[in-house]
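Just below is one structure, and these are the notes that go with it.
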Amino acid sequence: MRRFTPTRAVLTLALAAVLAACADPAPPPATVDAPPPPMATADTAAASDSADVHRFRIGSLDAAVLRDGDIRVPNDGKTLAVGIPKPEVDAVLTQAGEPTDTVHLGVQALLVRSGDRVLLFDTGAGDADFADAGRLPASLRAAGVEPAQVTDIFISHAHPDHVGGLTDGAGQALFANATVHLSAPEWQAVQAAPANAALVAAISPRVDAFAPGAEIVPGVTAIPVEGHTPGHSAYEIVDGDARLLYIGDAAHHFAVSVQRPQWTIAFDGDAPVAEASREALLAHAADSAVTIASPHFPYPGLGRIVRREGSFVWAPLQ
């Protein structure tokens with residue numbers, strides 16, 4: 001049977017329709033100008049801020065970006081902007097004030113407290129050898145939350161820099177009381193890979209494999225962003241009129257991926273589909289002025305996408 005591959009136009013329209021269905025016209029962005037009172041546990045005093053915890057609000061919800069670490073890759077056309085002549089990539093990086101020998105990607109997770117739920121979006125890289133990471137547990141505690149208090153984890157996709165923090169050094173589930181939400185196609189792909197056997201054994205009793213595009217818990221809706229992995233999802237978090245879009249790996253680099261969405265990254269499983277999905281998501285973000293949270297943009301990865309000169313640019317929130 002011949003596999004059907006959707007065109008760029010079809011994918012753009014489909015993703016735009018899903019995003020539009022989840023958004024009201026011109027929603028107010030999440031605000032970062034007035035940090036909320038520190039998030040506290042039931043057993044300890046309120047925690048103070050640290051360099052690895054950036055607090056903000058989504059409407060009335062307490063939220064924080066938690067630093068896990070960094071990834072650095074050579075700017076050699078093999079990882080980011082695959083196959084693009086280096087002078088073209090260098091020009092984008094230089095204009096953004098970035099070095100041209102190495103590409104830097106942050107690794108961070110998003111924490112949100114909603115009623116009696118403590119929500120964590122992705123879990124960082126853990127002790128993966130390709131990243132200078134593993135700070136998430138300390139960042140979480142600096143935000144006033146113990147791993148056992150996390151009730152819900154939302155996985156954008158199962159690459160190691162997003163699920164590495166699900167288990168500890170002994171392979172045991174780090175978040176013992178959390179339901180792990182990821183899309184059904186993503187969970188199926190995870191289970192099918194022999195290299196994931198230890199991870200599957202650790203988390204399977206608590207996995208919720210949701211249908212792509214579902215509202216998973218009140219105020220959190222999955223947004224399918226196809227092409228990166230079989231079930232890659234962004235997440236829209238809503239409180240009243242305030243909205244934030246956690247984009248997962250829809251875009252990796254704040255300049256290259258945003259200004260040149262048609263330049264692929266080696267980790268995209270289906271590059272043409274990922275390019276179309278990325279462009280559609282960026283267009284929606286720019287046109288709706290929704291606040292973006294990115295796990296790989298410069299910490300804390302909060303900002304907006306703005307149209308400029310026929311493409312897009314990243315505008316970090318101050």
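Owing to the predicted nature of the structure, the values given are computational and were not obtained by experimental measurement.
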Practice task
Please state whether the rings of H232 and H228 are parallel, tilted or perpendicular, taking 30° and 60° as the class boundaries.
Solution key: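 Aromatic pair H232/H228 classed perpendicular.
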Practice task
Please state whether the rings of F154 and F121 are parallel, tilted or perpendicular, taking 30° and 60° as the class boundaries.
Solution key: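 Parallel: the ring planes of F154 and F121 meet at under 30°.
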Problem - Cationic tip of R67 above Y299 ring, under 6.0 Å, 45° of axis - result: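 Yes, cation above the ring, under 6.0 Å and within 45°.
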For residues [X] and [Y], report the shortest heavy-atom separation together with the two atoms involved.
X	Y	answer
F175	P147	CD2-O, 3.5 Å
A189	P230	CB-CG, 3.7 Å
L136	G124	CD2-N, 4.3 Å
A202	P205	O-CD, 4.1 Å
A266	K78	CB-O, 3.4 Å
S311	Q259	OG-O, 2.6 Å

Just wondering, do [Y] and [X] contact through their side chains at under 4.5 Å, heavy atoms?
X	Y	value
T123	L120	yes
L317	F56	no
V150	N177	no
Q262	R278	no
S139	S50	no

Any salt bridge linking [X] with [Y]? Criterion: basic side-chain nitrogen under 4.0 Å from a carboxylate oxygen.
X	Y	value
R135	D52	yes
R57	D239	no
D62	R113	no
R72	D132	no

Handout entry: Audit row: E226, V273, side chain to side chain contact (heavy atoms under 4.5 Å, CB included) steps and yes/no
Key = CA-CA 6 Å; E226 298 180 346; V273 172; 3.8 Å; yes
Atom pair [atom1] ([X]) and [atom2] ([Y]), whose distance is rounded to the nearest 0.5 Å:
X	Y	atom1	atom2	answer
T221	R243	OG1	CZ	8.5 Å
I247	Y235	CD1	OH	14.0 Å
W314	R308	CH2	CZ	13.5 Å
L119	L61	CG	CG	8.5 Å
I203	T179	CD1	OG1	11.5 Å
L244	I292	CG	CD1	7.0 Å

Practice task
Starting from the C-alpha separation in whole Å, work towards a yes-or-no answer on side-chain hydrogen bond (donor to acceptor under 3.5 Å, both in side chains) for E186 and S233.
Solution key: CA-CA 9 Å; E186 193 72 13; S233 299; over 6 Å; no
Going hydrophobic residue to hydrophobic residue with side-chain gaps under 4.5 angstrom, can you get from [X] over to [Y]?
X	Y	result
L302	I237	yes
V200	I155	yes
L174	L111	yes
V118	V207	yes
L245	V306	no

Problem - Test side chain to side chain contact (heavy atoms under 4.5 Å, CB included) applied to D208 and V180, step by step - result: CA-CA 6 Å; D208 165 42; V180 179; over 6 Å; no
Exercise for the section: Taking the six-membered ring for Trp and the single ring otherwise, decide whether the centroids of H181 and F210 are under 6.0 Å apart. Expected result: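 So the answer is no for these two rings.
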Less than 3.5 Å apart, any donor N or O on the side chain of [X] or [Y] sitting next to an acceptor on the other?
X	Y	answer
D249	H162	yes
D161	H296	yes
D268	T264	yes
N75	T100	no

Give a yes or no on whether [X] atom [atom1] has more than 12 heavy-atom contacts from other residues, nucleotides or ligands under 6.0 Å away.
X	atom1	result
K86	NZ	yes
D127	CG	no
E88	CD	yes

Check whether any side-chain N or O of [X] sits under 3.5 Å from a backbone N or O of [Y] as a donor-acceptor pair, and report yes or no.
X	Y	answer
R206	A178	yes
D168	Q172	yes
S294	F297	yes
R304	A315	no
E215	G219	yes

Problem - Trace of the side-chain hydrogen bond (donor to acceptor under 3.5 Å, both in side chains) decision for S156 with D122 - result: CA-CA 6 Å; S156 61; D122 284 333; 2.8 Å; yes
Exercise for the section: Each residue besides V103 in its hydrophobic cluster should be listed here, by chain and number; the cluster joins Ile, Leu, Val, Met, Phe, Trp and Tyr at side-chain heavy-atom distances under 4.5 Å. Expected result: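 ILVMFWY cluster around V103 also holds I71, V73, L80, I84, V89, V92, L93, L105, V107, F130, V256, W263, I265, F267.
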Exercise for the section: Would you sort out whether H104 and D70 count as a side chain to side chain contact (heavy atoms under 4.5 Å, CB included), showing the intermediate values? Expected result: CA-CA 7 Å; H104 170 257; D70 302 277; 2.6 Å; yes
